[in-house]
Engineer: 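Have a look at this one before I ask anything.
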There are 2 protein chains.
Amino acid sequence: MNHIKEYRKAKKMSQYELSQAVGVARQTINLIENDKYNPSLSLCLKLAHVLDTDLNALFWEENNEN
Amino acid sequence: MNHIKEYRKAKKMSQYELSQAVGVARQTINLIENDKYNPSLSLCLKLAHVLDTDLNALFWEENNEN
DNA sequence: TCAATATGTCATATATATTTGACATAAAAG
DNA sequence: CTTTTATGTCAAATATATATGACATATTGA
(Lines give C-alpha, C1' and ligand atoms only; values in the text may rest on other atoms or scores of the structure.)
Protein backbone atom coordinates (compact mmCIF):
# COMPACT_ATOMS: atom_id res chain seq x y z
CA MET A 1 0.00 0.00 0.00
CA ASN A 2 1.35 3.42 -0.99
CA HIS A 3 0.05 6.86 -0.08
CA ILE A 4 -0.29 8.44 -3.48
CA LYS A 5 -4.05 8.79 -3.37
CA GLU A 6 -3.92 10.68 -0.04
CA TYR A 7 -1.26 13.09 -1.24
CA ARG A 8 -3.02 13.54 -4.56
CA LYS A 9 -6.31 14.39 -2.86
CA ALA A 10 -4.54 16.76 -0.50
CA LYS A 11 -3.47 18.65 -3.63
CA LYS A 12 -7.00 18.39 -5.05
CA MET A 13 -5.73 16.76 -8.21
CA SER A 14 -7.53 14.14 -10.30
CA GLN A 15 -5.75 11.02 -11.50
CA TYR A 16 -5.73 12.62 -14.93
CA GLU A 17 -4.11 15.82 -13.71
CA LEU A 18 -1.47 13.92 -11.79
CA SER A 19 -0.77 11.74 -14.80
CA GLN A 20 -0.19 14.83 -16.95
CA ALA A 21 2.00 16.41 -14.31
CA VAL A 22 4.36 13.45 -14.23
CA GLY A 23 4.04 12.53 -17.90
CA VAL A 24 2.35 9.14 -17.86
CA ALA A 25 -1.06 7.79 -18.83
CA ARG A 26 -4.01 8.10 -16.46
CA GLN A 27 -4.27 4.32 -16.27
CA THR A 28 -0.74 4.15 -14.95
CA ILE A 29 -1.66 6.33 -11.97
CA ASN A 30 -4.81 4.36 -11.37
CA LEU A 31 -2.98 1.02 -11.38
CA ILE A 32 -0.26 2.28 -9.07
CA GLU A 33 -2.75 3.72 -6.58
CA ASN A 34 -4.51 0.36 -6.52
CA ASP A 35 -1.27 -1.60 -6.17
CA LYS A 36 -1.75 -3.36 -9.48
CA TYR A 37 1.82 -2.70 -10.32
CA ASN A 38 5.18 -1.66 -9.48
CA PRO A 39 6.29 1.77 -10.72
CA SER A 40 9.82 2.56 -11.81
CA LEU A 41 12.07 4.58 -9.53
CA SER A 42 12.09 7.52 -11.90
CA LEU A 43 8.29 7.65 -11.84
CA CYS A 44 8.32 7.43 -8.04
CA LEU A 45 10.71 10.38 -7.94
CA LYS A 46 8.50 12.43 -10.24
CA LEU A 47 5.44 11.64 -8.16
CA ALA A 48 7.21 12.66 -4.98
CA HIS A 49 8.29 15.95 -6.50
CA VAL A 50 4.90 16.83 -7.98
CA LEU A 51 3.18 15.95 -4.71
CA ASP A 52 5.70 18.02 -2.74
CA THR A 53 6.87 15.13 -0.65
CA ASP A 54 9.55 12.44 -0.74
CA LEU A 55 10.01 8.75 -1.42
CA ASN A 56 9.68 7.60 2.14
CA ALA A 57 6.43 9.47 2.70
CA LEU A 58 4.86 7.91 -0.38
CA PHE A 59 6.28 4.40 -0.40
CA TRP A 60 8.06 3.44 2.81
CA GLU A 61 6.51 1.35 5.56
CA GLU A 62 8.68 0.49 8.54
CA ASN A 63 7.13 -2.97 8.71
CA ASN A 64 8.42 -4.53 5.55
CA GLU A 65 6.66 -5.22 2.37
CA ASN A 66 8.41 -6.68 -0.68
CA MET B 1 23.19 9.08 -8.85
CA ASN B 2 22.11 6.71 -6.09
CA HIS B 3 24.00 5.60 -3.01
CA ILE B 4 23.79 1.86 -3.32
CA LYS B 5 27.48 1.28 -3.78
CA GLU B 6 28.36 3.20 -0.59
CA TYR B 7 25.82 1.31 1.50
CA ARG B 8 26.83 -1.99 -0.06
CA LYS B 9 30.49 -1.40 0.74
CA ALA B 10 29.61 -0.33 4.28
CA LYS B 11 28.11 -3.81 4.65
CA LYS B 12 31.17 -5.37 3.00
CA MET B 13 29.04 -7.09 0.38
CA SER B 14 29.97 -7.79 -3.23
CA GLN B 15 27.59 -7.01 -6.07
CA TYR B 16 26.99 -10.73 -6.31
CA GLU B 17 26.11 -11.11 -2.63
CA LEU B 18 23.75 -8.16 -2.78
CA SER B 19 22.12 -9.53 -5.91
CA GLN B 20 21.47 -12.85 -4.15
CA ALA B 21 20.16 -11.12 -1.06
CA VAL B 22 17.51 -9.23 -3.03
CA GLY B 23 16.88 -11.96 -5.62
CA VAL B 24 18.09 -10.43 -8.86
CA ALA B 25 20.99 -11.04 -11.24
CA ARG B 26 24.40 -9.55 -10.50
CA GLN B 27 24.23 -7.51 -13.69
CA THR B 28 21.10 -5.83 -12.44
CA ILE B 29 22.93 -4.50 -9.39
CA ASN B 30 25.87 -3.42 -11.50
CA LEU B 31 23.66 -1.53 -13.96
CA ILE B 32 21.71 0.19 -11.21
CA GLU B 33 24.86 1.25 -9.36
CA ASN B 34 26.15 2.77 -12.59
CA ASP B 35 22.82 4.47 -13.39
CA LYS B 36 22.35 2.44 -16.54
CA TYR B 37 18.78 1.84 -15.59
CA ASN B 38 15.83 2.51 -13.55
CA PRO B 39 14.94 -0.14 -10.95
CA SER B 40 11.39 -1.00 -9.97
CA LEU B 41 9.99 0.24 -6.69
CA SER B 42 9.83 -3.26 -5.26
CA LEU B 43 13.52 -3.77 -5.98
CA CYS B 44 14.31 -0.40 -4.38
CA LEU B 45 12.42 -1.48 -1.27
CA LYS B 46 14.29 -4.77 -1.10
CA LEU B 47 17.62 -3.01 -1.48
CA ALA B 48 16.76 -0.56 1.29
CA HIS B 49 15.79 -3.37 3.63
CA VAL B 50 18.84 -5.51 2.92
CA LEU B 51 21.14 -2.52 3.32
CA ASP B 52 19.41 -1.54 6.58
CA THR B 53 18.37 1.84 5.34
CA ASP B 54 15.41 3.47 3.59
CA LEU B 55 14.35 4.81 0.21
CA ASN B 56 15.31 8.40 0.83
CA ALA B 57 18.81 7.50 1.96
CA LEU B 58 19.45 5.46 -1.17
CA PHE B 59 17.61 7.38 -3.86
CA TRP B 60 16.48 10.84 -2.79
CA GLU B 61 18.32 14.04 -3.61
CA GLU B 62 16.78 17.30 -2.47
CA ASN B 63 17.89 18.95 -5.71
CA ASN B 64 15.73 17.19 -8.24
CA GLU B 65 16.66 14.57 -10.71
CA ASN B 66 14.10 12.98 -13.05
C1' DT C 1 -32.82 14.91 -13.00
C1' DC C 2 -29.33 15.53 -16.40
C1' DA C 3 -24.78 16.41 -17.98
C1' DA C 4 -20.01 16.52 -17.06
C1' DT C 5 -16.10 14.72 -14.82
C1' DA C 6 -13.63 11.01 -12.24
C1' DT C 7 -12.52 6.38 -11.55
C1' DG C 8 -12.03 1.32 -12.48
C1' DT C 9 -11.11 -1.98 -15.86
C1' DC C 10 -10.24 -4.66 -20.35
C1' DA C 11 -7.46 -5.87 -24.38
C1' DT C 12 -3.67 -5.01 -27.48
C1' DA C 13 0.75 -2.91 -28.48
C1' DT C 14 5.32 -1.13 -27.28
C1' DA C 15 9.30 0.15 -24.40
C1' DT C 16 12.32 -1.26 -21.15
C1' DA C 17 13.74 -3.74 -16.81
C1' DT C 18 15.68 -8.00 -15.77
C1' DT C 19 17.81 -12.72 -16.90
C1' DT C 20 21.21 -15.70 -18.69
C1' DG C 21 25.57 -16.87 -20.44
C1' DA C 22 29.82 -15.25 -21.60
C1' DC C 23 34.26 -12.80 -21.71
C1' DA C 24 37.78 -9.27 -20.30
C1' DT C 25 40.07 -6.68 -16.97
C1' DA C 26 40.85 -5.22 -12.09
C1' DA C 27 41.63 -6.09 -7.49
C1' DA C 28 42.65 -9.10 -3.66
C1' DA C 29 44.69 -13.17 -1.70
C1' DG C 30 47.78 -17.01 -1.72
C1' DC D 1 53.87 -14.31 -9.62
C1' DT D 2 49.63 -16.99 -9.86
C1' DT D 3 45.11 -17.91 -8.76
C1' DT D 4 40.73 -16.55 -7.21
C1' DT D 5 37.20 -13.17 -6.72
C1' DA D 6 35.00 -8.73 -8.12
C1' DT D 7 33.52 -5.68 -11.54
C1' DG D 8 32.22 -3.82 -16.21
C1' DT D 9 30.15 -4.90 -20.39
C1' DC D 10 27.91 -7.32 -24.57
C1' DA D 11 24.18 -9.76 -26.96
C1' DA D 12 19.90 -12.32 -27.03
C1' DA D 13 15.70 -13.77 -24.61
C1' DT D 14 11.88 -12.96 -21.43
C1' DA D 15 8.94 -10.49 -18.12
C1' DT D 16 6.58 -6.61 -17.08
C1' DA D 17 5.80 -1.45 -16.84
C1' DT D 18 3.57 1.82 -19.53
C1' DA D 19 0.60 3.59 -23.60
C1' DT D 20 -3.58 3.84 -26.18
C1' DG D 21 -8.36 3.42 -27.08
C1' DA D 22 -12.49 2.18 -25.32
C1' DC D 23 -16.44 1.37 -22.24
C1' DA D 24 -19.06 1.14 -17.74
C1' DT D 25 -20.10 2.93 -13.41
C1' DA D 26 -19.62 6.43 -9.78
C1' DT D 27 -19.42 10.95 -8.29
C1' DT D 28 -20.17 15.78 -8.63
C1' DG D 29 -22.47 19.90 -9.94
C1' DA D 30 -25.80 22.60 -12.56
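What you are looking at is a predicted structure, and each value in this text was computed from that prediction instead of being measured.
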Engineer: Return no unless some side-chain N or O of A:S40 is found under 4.0 Å from OP1 or OP2 of C:dT16.
Structural biologist: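 Negative; the distance criterion is not met.
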
Engineer: Grab the two heavy atoms, one from A:Q15 and one from A:I29, that are nearest each other, plus how far apart they are.
Structural biologist: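 Scanning both residues, the minimum pair turns out to be O-CG1, 4.0 Å.
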
Engineer: Do the side-chain N or O atoms of B:N34 get closer than 4.0 angstrom to the phosphate oxygens (OP1, OP2) of D:dG8?
Structural biologist: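 So the side chain of B:N34 is within the cut-off, an N or O lying under 4.0 Å from OP1 or OP2 of D:dG8.
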
Engineer: Would you mind checking if B:K11 and B:E17 are paired as a salt bridge, meaning a charged N to carboxylate O distance below 4.0 Å?
Structural biologist: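 Salt bridge: no.
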
Engineer: Hey, does the side chain of B:K5 come within less than 4.0 Å of D:dA6's phosphate (OP1/OP2), counting only N and O?
Structural biologist: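 For D:dA6, neither OP1 nor OP2 has a side-chain N or O of B:K5 closer than 4.0 Å.
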
Engineer: Do any side-chain nitrogens or oxygens of B:Q15 fall under 4.0 Å of OP1 or OP2 in D:dG8?
Structural biologist: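 It does, given that an N or O in the side chain of B:Q15 lies less than 4.0 Å from OP1 or OP2 of D:dG8.
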
Engineer: Measure OH/B:Y37 against P/D:dT18 and give the value in whole Å, please.
Structural biologist: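 To the nearest whole Å, that distance equals 15 Å.
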
Engineer: Can you tell me if A:T28 touches the phosphate of D:dA17, counting only side-chain N or O atoms and a distance under 4.0 Å to OP1 or OP2?
Structural biologist: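 A:T28 to D:dA17 OP1/OP2: no side-chain N or O under 4.0 Å.
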
Engineer: Rounded to the Å, how far apart are B:E17 CD and D:dT5 C1'?
Structural biologist: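 The distance from CD of B:E17 to C1' of D:dT5 comes to 10 Å, rounded to the nearest Å.
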
Engineer: Starting from the 5' end of DNA chain D, give me the residue, A:A25 or B:S14, whose nearest nucleotide shows up first.
Structural biologist: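 Residue closer to the 5' terminus by nearest nucleotide: B:S14.
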
Engineer: What is the distance, rounded to the nearest whole Å, between atom CD of A:E33 and atom P of D:dT18?
Structural biologist: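 For the pair A:E33 CD and D:dT18 P, the rounded distance is 14 Å.
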
Engineer: Nearest whole Å is fine: how far is D:dT7 P from B:I4 CD1?
Structural biologist: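 It is 13 Å, rounded to the nearest whole Å.
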
Engineer: Of the options C:dT18, D:dA22, D:dT9, whose atoms approach the side-chain atoms of A:R26 most closely?
Structural biologist: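 For the A:R26 side chain, the nearest candidate turns out to be D:dA22.
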
Engineer: Rounding to an integer number of Å, can you tell me how far A:N30 CG sits from C:dT5 P?
Structural biologist: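 After rounding, the gap between these two atoms is 19 Å.
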
Engineer: Can you figure out which of C:dA17, D:dT7, C:dT18 approaches the side chain of B:K9 most closely?
Structural biologist: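 Among the listed nucleotides, the one closest to the side chain of B:K9 is D:dT7.
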
Engineer: Quick check against the 3.5 Å criterion: does B:N2 have a side-chain atom that pairs as donor or acceptor with the backbone of B:F59?
Structural biologist: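 A pair under 3.5 Å: no.
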
Engineer: Report the distance from atom CD of A:Q20 to atom P of D:dT18, rounded to the nearest whole Å.
Structural biologist: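 Distance check: A:Q20 CD to D:dT18 P gives 16 Å.
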
Engineer: To the nearest Å, give me how far apart CG (A:L18) and P (C:dT7) are.
Structural biologist: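 Result: 10 Å.
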
Engineer: Take the protein atom CG of A:L31 and the nucleotide atom P of C:dT9, then report the distance between them rounded to whole Å.
Structural biologist: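 In whole Å, C:dT9 P lies 9 Å from A:L31 CG.
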
Engineer: With rounding to the nearest 0.5 angstrom, report the OH to CG distance, A:Y37 to A:L31.
Structural biologist: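 One finds 4.5 Å between OH of A:Y37 and CG of A:L31.
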
Engineer: With respect to the phosphate group of D:dT18, does any side-chain polar atom (N or O) of A:K36 fall under 4.0 Å of OP1 or OP2?
Structural biologist: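 Negative; the distance criterion is not met.
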
Engineer: Could you check which of D:dT18, C:dG8, D:dC10 has an atom nearest any side-chain atom of B:Q27?
Structural biologist: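 When the side chain of B:Q27 is considered, D:dC10 is the closest of D:dT18, C:dG8, D:dC10.
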
Engineer: So do A:T53 and A:H3 actually touch side chain to side chain, heavy atoms under 4.5 Å?
Structural biologist: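 No, too far: nothing below the 4.5 Å cut-off.
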
